[in-house]
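Hydrogens, waters and symmetry mates play no part in the numbers below; they use all other heavy atoms, side chains included.
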Amino acid sequence: MKAVIQHEFGGSHVLQLAEVETPTITEEEVLLKTAYTSVNYADIKSRRGNKGKGKFPLTLGLDATGTVVEAGTSSGFSEGDRVIAFPKGGSYAEYVKAHKQLTFRIPESLSFEQAAAMPTVSILSYLLLHDIGQVKKSDTIVVHSGAGGVGSMLIQLAKLAGVETVMATVGNLSKEDYVKRMGAEHVCTYDTFSEEVLQLTYGNGADVVFDSVAGEVTTASLACLGLYGTLVQFGNSSGSAGHFKTSDVHSSCRNVKGFSLGTTRKHRPDMLAPAAERVIELFAAGKVTLPIAKVFDLSDAKQAHDLIESRAYEGKVLIKA
């Protein structure tokens, strides 16, 4: 089969299309013919080597959608099932394998293309909003990187849950219209959001801030987080660690919660099924959607990564296998 592999860490030029062995499965796994995979910012970090050591040749990719072509005897799936999955060993490939706990059926009414946009960002967003952030309707929340995949989903899911006030940040205000179409009432840049949150809330601050940027954004997020507020930290796309002091949280009764979908897939995969089932229902019913920025062929994975790194896109970038 064809797959995108890399033999070293580095720029997008390290991505190569190659012939590799088709995966073999165990009794609890399924083999999928990949329809599409999505490109996530975590792929960029893995390609560069920012996420630690890699076993080469390395195939990137967190999620995929496709059709089951072989099902393990204890998998609970059948040949022909349409699914989304978090494959083992990467997803930039014509065929991928996944464990039964990380594979979820999708209805015929949901296109492979739209389904491919959702696994990582929608399941992560649902868990962040309801399980980790425990957001209430009366809350004022801040969503960083509002034009990205997770940001787009967090905003939509928050409005669907009846959250009254959603503020989102963007790197460039050219994305303001898009983020407002997703449902955010207020959009601002990273430079001004802290002051604008305090102004909007009459000095009370936000109830929940969703931070995937870290660095100085974390400091500014704490500066506008209200009493008993929650900072949900789930990434560091800035490449810098965020810092806070214990005195920033104990006297104000604020808290900081961390979350990683990768850690959860590995150690608590059982947490994913309820969220996956709910977001699949929402997508199939058309209650939430993710715009597709662009679809690339497997042979053009380099260009897909270049677009992600440029940040000059809105929604999700897909690779067609």
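Residues meeting the side-chain contact (heavy atoms from CB on, under 4.5 Å) test with Glu28, sequence neighbours left out: Thr26, Ser74, His99, Lys100. Judged as a salt bridge (charged side-chain N to carboxylate O under 4.0 Å, His left out), and not counting sequence neighbours, Glu70 has no contacts. With sequence neighbours left out, Ser109 forms a side-chain contact (heavy atoms from CB on, under 4.5 Å) with Pro107, Ala284. Thr192 meets the side-chain contact (heavy atoms from CB on, under 4.5 Å) test with Cys188, Thr189, Glu196; sequence neighbours excluded. Looking at residues two or more places apart in sequence or on another chain, you find a salt bridge (charged side-chain N to carboxylate O under 4.0 Å, His left out) between Lys136 and Asp139. Tyr126 meets the ring-ring contact (aromatic ring centres under 6.0 Å, His included) test with His130; sequence neighbours excluded. Legend: residues meeting salt bridge (charged side-chain N to carboxylate O under 4.0 Å, His left out) with Arg181, ordered by chain and number and at least two apart, are absent. Every side-chain contact (heavy atoms from CB on, under 4.5 Å) that Ala304 has, sequence neighbours left out, goes to Val39, Phe296, Val317, Ile319. In terms of the salt bridge (charged side-chain N to carboxylate O under 4.0 Å, His left out) criterion, residue partners of Glu281 (sequence neighbours excluded) are, by chain and number, Arg278.
Counting heavy atoms from C-beta on, the side chains of His186 and Val197 never come closer than 4.5 Å. Looking at heavy atoms from C-beta onward, Val4 lies in side-chain contact with Leu298 at the 4.5 angstrom threshold. Side-chain contact between Leu127 and Leu261 is present, with at least one heavy-atom pair separated by less than 4.5 Å. The closest side-chain heavy-atom distance from Leu307 to His305 is not below 4.5 Å. Within the 4.5 Å cutoff, side-chain heavy atoms of Leu32 are placed close to those of Val83. With a 4.5 Å cut-off on side-chain heavy atoms, Leu231 and Phe244 do not count as touching. In this structure, the side chains of Val295 and Tyr36 come closer than 4.5 Å at one or more pairs of heavy atoms. Side-chain contact between Tyr95 and Pro23: present, with at least one pair of heavy atoms (C-beta onward) separated by less than 4.5 Å.
No more than 12 heavy atoms of other residues, nucleotides or ligands lie within 6.0 Å of NZ in Lys294, so this atom counts as exposed by the packing criterion. Around atom NZ of Lys2, no more than 12 heavy atoms belonging to other residues, nucleotides or ligands sit under 6.0 Å away. Residue-environment remark: CD (Glu195) exceeds the threshold of 12 foreign heavy atoms within 6.0 Å.
Val150 and Leu318 fall within the same hydrophobic cluster, where Ile, Leu, Val, Met, Phe, Trp and Tyr residues are linked whenever their side-chain heavy atoms come under 4.5 Å apart, directly or through other members. The hydrophobic cluster containing Ile5 does not contain Leu58, counting ILVMFWY residues as joined when their side-chain heavy atoms lie under 4.5 angstrom apart, directly or transitively.
Looking at every heavy atom in both residues, Ala85 comes nearest to Ala98 through CB-CB, 3.8 Å. Closest approach of Leu17 and Ser299 over heavy atoms only: CD2-CB, 3.8 Å. For the pair Leu60 and Ser46, the tightest heavy-atom approach, listed with the atom from each and the gap, is CD2-CB, 3.6 Å. When all heavy atoms are compared, the tightest approach of Cys224 to Phe193 is SG-CE1, 3.8 Å. The two atoms that bring Gly151 and Val143 nearest to each other are CA-CG1, 3.8 Å, heavy atoms only. The two residues Ala184 and Val187 come nearest to each other via the heavy atoms CB-CG2, 4.3 Å.
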Start with the C-alpha gap between Asn40 and Lys316, add the side-chain angles, then the distance that decides, and say whether side-chain contact (heavy atoms from CB on, under 4.5 Å) holds. CA-CA 8 Å; Asn40 294 283; Lys316 288 294 293 180; 2.8 Å; yes
side-chain contact (heavy atoms from CB on, under 4.5 Å) between Val135 and Leu128: does it pass, once the steps are laid out? CA-CA 9 Å; Val135 170; Leu128 289 172; over 6 Å; no
Before you tell me yes or no, could you show the steps for Arg48 and Glu309 under salt bridge (charged side-chain N to carboxylate O under 4.0 Å, His left out), namely the whole-Å CA-CA distance, both residues' side-chain angles and the distance that decides it to 0.1 Å? CA-CA 12 Å; Arg48 293 172 179 164; Glu309 290 187 89; 2.6 Å; yes
When you look at Lys175 and Glu314, which way does the salt bridge (charged side-chain N to carboxylate O under 4.0 Å, His left out) test go after all the steps? CA-CA 8 Å; Lys175 298 179 179 180; Glu314 297 168 346; over 6 Å; no
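Between the side chains of Asp248 and Thr246, no donor-acceptor pair is found at a separation under 3.5 Å. No side-chain N or O of Tyr228 forms a donor-acceptor pair with one of Asp207 less than 3.5 Å apart.
The main-chain N or O of Thr230 is never found under 3.5 Å from a side-chain atom of Lys257 such that the two would form a donor-acceptor pair. Between the side chain of Gln233 and the backbone N or O of Gly235 there is at least one donor-acceptor pair closer than 3.5 Å. For the pair Arg254 (side chain) and Leu222 (backbone), a donor-acceptor distance under 3.5 Å is present. Between the side chain of Ser75 and the main chain of Phe77, a donor-acceptor pair closer than 3.5 Å is present. Between the Asp300 side chain and the Gln303 main chain, no donor and acceptor come within less than 3.5 Å of each other. In terms of modelled atom types and a separation under 3.5 Å, the side chain of Thr263 and the main chain of Phe259 share no donor-acceptor contact. Distance alone, capped at 3.5 Å, is enough to place a donor-acceptor pair between the Asp211 side chain and the Val213 backbone. Proximity of a side-chain donor or acceptor of Ser221 to a complementary backbone N or O of Val217 within less than 3.5 Å is detected. A donor-acceptor pair is defined here as one N or O able to donate and one able to accept, closer than 3.5 Å; such a pair exists between the side chain of Thr34 and the backbone of Ala93. With hydrogens and angles ignored, the 3.5 Å screen pairs no side-chain donor or acceptor of Gln6 with any backbone N or O of Leu15.
Residues Arg47 and Asp43 are not paired through a salt bridge, judged by the lack of any N-O separation under 4.0 Å between the basic side chain and the carboxylate. Using a cutoff of 4.0 Å between basic side-chain nitrogens and carboxylate oxygens, Asp297 and Lys320 are not scored as salt-bridged.
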Side chains of residues 155-162: which donor-acceptor pairs under 3.5 Å do they make with residues two or more places apart or in other chains?
{"unit_1": "Gln156", "atom_1": "OE1", "unit_2": "Thr289", "atom_2": "N", "d": "3.0"}
{"unit_1": "Gln156", "atom_1": "NE2", "unit_2": "Ser152", "atom_2": "O", "d": "3.3"}
{"unit_1": "Gln156", "atom_1": "NE2", "unit_2": "Thr289", "atom_2": "O", "d": "2.6"}
{"unit_1": "Lys159", "atom_1": "NZ", "unit_2": "Val163", "atom_2": "O", "d": "2.8"}
{"unit_1": "Lys159", "atom_1": "NZ", "unit_2": "Glu164", "atom_2": "O", "d": "3.2"}
{"unit_1": "Lys159", "atom_1": "NZ", "unit_2": "Glu185", "atom_2": "OE2", "d": "2.4"}

Please table the atom pairs, donor to acceptor, closer than 3.5 Å between any side-chain atom in residues 165-172 and protein atoms at least two apart or in another chain.
{"unit_1": "Thr169", "atom_1": "OG1", "unit_2": "His144", "atom_2": "ND1", "d": "2.9"}
{"unit_1": "Thr169", "atom_1": "OG1", "unit_2": "Ser145", "atom_2": "N", "d": "3.3"}
{"unit_1": "Asn172", "atom_1": "OD1", "unit_2": "Ser174", "atom_2": "N", "d": "2.8"}
{"unit_1": "Asn172", "atom_1": "OD1", "unit_2": "Ser174", "atom_2": "OG", "d": "3.1"}

Show the atom names and distances, to 0.1 Å, of all donor-acceptor pairs under 3.5 Å that link a side chain in residues 114-123 to residues at least two apart or in another chain.
{"unit_1": "Gln114", "atom_1": "OE1", "unit_2": "Leu290", "atom_2": "N", "d": "2.9"}
{"unit_1": "Gln114", "atom_1": "NE2", "unit_2": "Leu290", "atom_2": "O", "d": "3.2"}
{"unit_1": "Thr120", "atom_1": "OG1", "unit_2": "Asp63", "atom_2": "OD2", "d": "2.5"}
{"unit_1": "Ser122", "atom_1": "OG", "unit_2": "Met118", "atom_2": "O", "d": "2.4"}

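Taking the six-membered ring for Trp and the full ring otherwise, Phe9 and Phe56 have centroids separated by under 6.0 Å.
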